[in-house]
Q: 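The following block contains the structure, expressed as structure tokens.
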Amino acid sequence: MNFLLKQIKKIKPQFEQGGRFGKLRSVFEGFETFIFVPEKVTSKGSHIRDYMDMKRTMTVVIMALLPALLFGSYNIGLQHTRAFGIEGWSLMQMFWFGFLKILPLIIVSYAVGLGIEFVVAQLRGHEINEGYLVTGMLIPLIMPVDVPLWMVAVSVAFAVIIGKEIFGGTGMNILNPALTARAFLFFSYPGWMTGDKVWIEGLTRGTAVDGFSGATPLVLAKLDEFDRMPSAMDMFIGTIPGSVGETSALAIIIGAVILIATGVGSWRIMLSMTLGGLGMGLLLNLVGSSEYTQLPAYYHLIMGGFAFGAVFMATDPVTAAQTNTGKWIYGALAGIMVVIIRVFNPAYPEGTMLAILLMNVFAPLIDHYVVNASIKRRLKRIKTT
Amino acid sequence: MEKIEKEPLLSAKNIKLMTGPLGDQNPITVQVLGICSALAVTVKMKPAIVMAISVMVVLAISNVIISAMRKSIPGRIRIIVQLVVIATMVIIVDQFLKAFAFDVSKQLSVFVGLIITNCIIMGRLEAFALANKPWPAFLDGLGNSWGYGLILIIVSFFREFLGSGSIMGFPVMEKMGVYNFGYEDNGFMILPPMALITVGLIIWFQRSRNKSLIETK
């Protein structure tokens, strides 16, 4: 490491303003701070700078995503063996099979996304935004495993340019970039984002063994085939068809613990979204008349992308509500919307993506009213005393 | 009697009336008028072109009529008078399309009738025809509808090309054989949000070329 540090120090002057590679300043800066903690020191007065800068925060989120990624890899292998009646694969075999299927998705996502970020940073002459480190990992985890790579590339380009850079880059975007990419793909190529074939590796090309269906629990629920739904335990562990990283509530909870323990993710949003979904489910249990509304409320938390959305998507610090009260409202409404879309919208089996995107749009409004209410309350207190 | 200096028919000022709306005075991207129909009729190029021509006829002729009557229209009921003129023109165009281009007329459905509510037409009548002579008003009508049509054609070109894989109904993508490589048409391009984003991209492009269009805060 010392050697690396010396080398970086040595070539650094060439990248400063007016140096030989002065134009590539932001690229160099991006790599330097990625490897070492930035050594910025304030020059006036005393300030305490936390080493927990944006890049470290992002690294924590990546670590929290690992359980979901690892389980997702295993699950791809598992579903593949089930679909094609392969027997005798060991756990490691399934894992490697799945991992090698996800790897191209991850590589495409990072290559396209970071490529655009680098170009934009060069054009604007500012630092490279590190926001894409997490987005680039989230995107493969919310895709069906069989999605063509060029579609991933197109949706990533759309999400980074239209969803983020137009608004001014990381920290300025209104919509969660990862969900923007998924929404773009969902509306552009619906054949690759819905149905009962895309969730399992190889099923779009080959035919499965008799009696096997690659339908996700949500699709089965939409089709009123409740007797074919997997057991709640299977859905909790995650051995069900679905997007790469979303199936296992267990792996996501491990990630949630990491996020909450390090203070990176907001527990308020996670909790309020869970409560919102659970509450809406219970309400439907009471008043609903169709079979879907009678589904146990906790099923909504372990089906589809609810858990993944609540832990990794809704908590995005840029697009979520900023005030604490606002976070409660934002999370709860997102949870309620998920269940409403799932149960009542005939076109969309899954509502997590749309619900969170909708609440992203409303987050500034919620904050506005929370802040104004607080100001009013304080003014009143001054007047009465 | 003093001599009135006669202005040539196509003086520099009059030419500007026609060319301005194609660029820095564009009704859609700069004045932000007529966005609604730009989203609705731009799925395919053919209806977009027919729509542009219809708007051109309606706008140019209404501009002339209102401009000719401008001294006799009482200020308080001018909007109603304008609406009567526009509605008459729109109905004539609508009937004409139904008689001679029924297929396109069916594709455009209500949007021909909705030219009445197209903000560009009311906007130009209010802003220009009421205060100018018929000839400049006619040129202004032509210019603005060309500016409108230009954006419509650009947007519909991208939407049809990427969304349906064809240009003017000719299946370009299929002829190039890209479907064999796994290419698929982008269904999102057919939905209205993508029209809005395409218009936004055009506005972005235009303003980055001409900084004077960027509003100061």
Side-chain angles (χ1 to χ4, degrees), chain A residues 104-105 108 116 119-120 123-125 143-144 146-169 172-175 177 179-195 197-198 202 204-205 347-348 353-354 357-358 360-361, chain B residues 28-30 32 35 38-40 42-44 151 154-166 171-174 176-211 213-217:
Chain A
L105 289 178
V108 167
I116 295 172
V119 171
V120 171
L123 287 178
R124 293 190 175 153
M143 295 282 170
D146 248 10
V147 68
L149 291 177
W150 70 270
M151 288 183 187
V152 178
V154 171
S155 61
V156 166
F158 178 87
V160 174
I161 296 173
I162 307 283
K164 204 160 90 174
E165 291 306 337
I166 275 188
F167 295 103
M172 314 292 249
N173 46 317
I174 299 170
L175 299 171
L179 283 179
T180 312
R182 194 179 198 276
F184 178 81
L185 208 54
F186 181 81
F187 288 110
S188 296
Y189 311 105
W192 289 96
M193 294 297 284
T194 46
K197 289 202 184 310
V198 290
T204 47
R205 295 181 295 274
Y348 308 133
M353 171 182 79
L354 299 168
L357 283 176
L358 184 70
N360 281 168
V361 176
Chain B
I28 293 185
T29 60
V30 180
V32 197
I35 291 279
L39 306 190
T42 51
V43 176
K44 293 265 165 67
I151 301 297
I154 295 175
V155 173
S156 63
F157 170 78
F158 284 111
R159 286 185 75 191
E160 185 178 349
F161 185 58
L162 298 173
S164 315
S166 56
V172 185
M173 288 291 193
E174 202 185 308
M176 290 199 299
V178 286
Y179 293 117
N180 301 334
F181 298 105
Y183 176 83
E184 277 182 39
D185 290 328
N186 189 322
F188 201 17
M189 284 310 262
I190 297 174
L191 303 174
M194 235 16 216
L196 192 67
I197 290 173
T198 316
V199 172
L201 289 175
I202 296 173
I203 293 178
W204 185 21
F205 178 75
Q206 193 181 13
R207 290 187 184 202
S208 64
R209 295 280 302 268
N210 184 353
K211 303 278 183 206
L213 292 176
I214 301 172
E215 293 94 346
T216 45
K217 278 176 202 159

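Since this is a predicted model, take the numbers as computed values, not measurements. Each chain gets a letter, A, B and so on, in the order the sequences are listed, and its residues count up from 1.
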Q: Using 0.5 Å steps for rounding, measure from the CG atom of B/Leu191 to the CZ atom of A/Phe187.
A: 7.5 Å
Q: Take the angle between the ring planes of A/Phe158 and B/Phe188 and call it parallel below 30°, perpendicular above 60°, tilted in between.
A: perpendicular
Q: Please collect all salt bridge (Lys or Arg N to Asp or Glu O under 4.0 Å) contacts where either partner lies in residues 198-207 of chain B, sequence neighbours excluded, each pair once.
A: B/Arg207-B/Glu215
Q: Around atom CE of B/Met176, are there more than 12 heavy atoms of other residues, nucleotides or ligands at under 6.0 Å?
A: yes
Q: Near B/Phe157 CZ, under 6.0 Å, is it more than 12 heavy atoms from other residues, nucleotides or ligands?
A: yes
Q: Not counting sequence neighbours, list each pair that qualifies as a salt bridge (Lys or Arg N to Asp or Glu O under 4.0 Å) and has a residue in residues 183-204 of chain B.
A: none
Q: Show your working on side chain to side chain contact (heavy atoms under 4.5 Å, CB included) between B/Met194 and A/Phe184 and close with a plain yes or no.
A: CA-CA 10 Å; B/Met194 235 16 216; A/Phe184 178 81; 4.1 Å; yes
Q: Side chain, backbone, both or neither: which part of A/Leu185 has an atom under 4.5 Å from a heavy atom of chain B?
A: neither
Q: Kindly write out the residues that satisfy ring-ring contact (aromatic ring centres under 6.0 Å, His included) with A/Tyr348, not counting sequence neighbours, or none if the list is empty.
A: A/Phe186
Q: With a strict 4.5 Å heavy-atom criterion, list every residue of residues 195-205 of chain B that contacts chain A, or say none.
A: B/Ile197, B/Leu201, B/Trp204
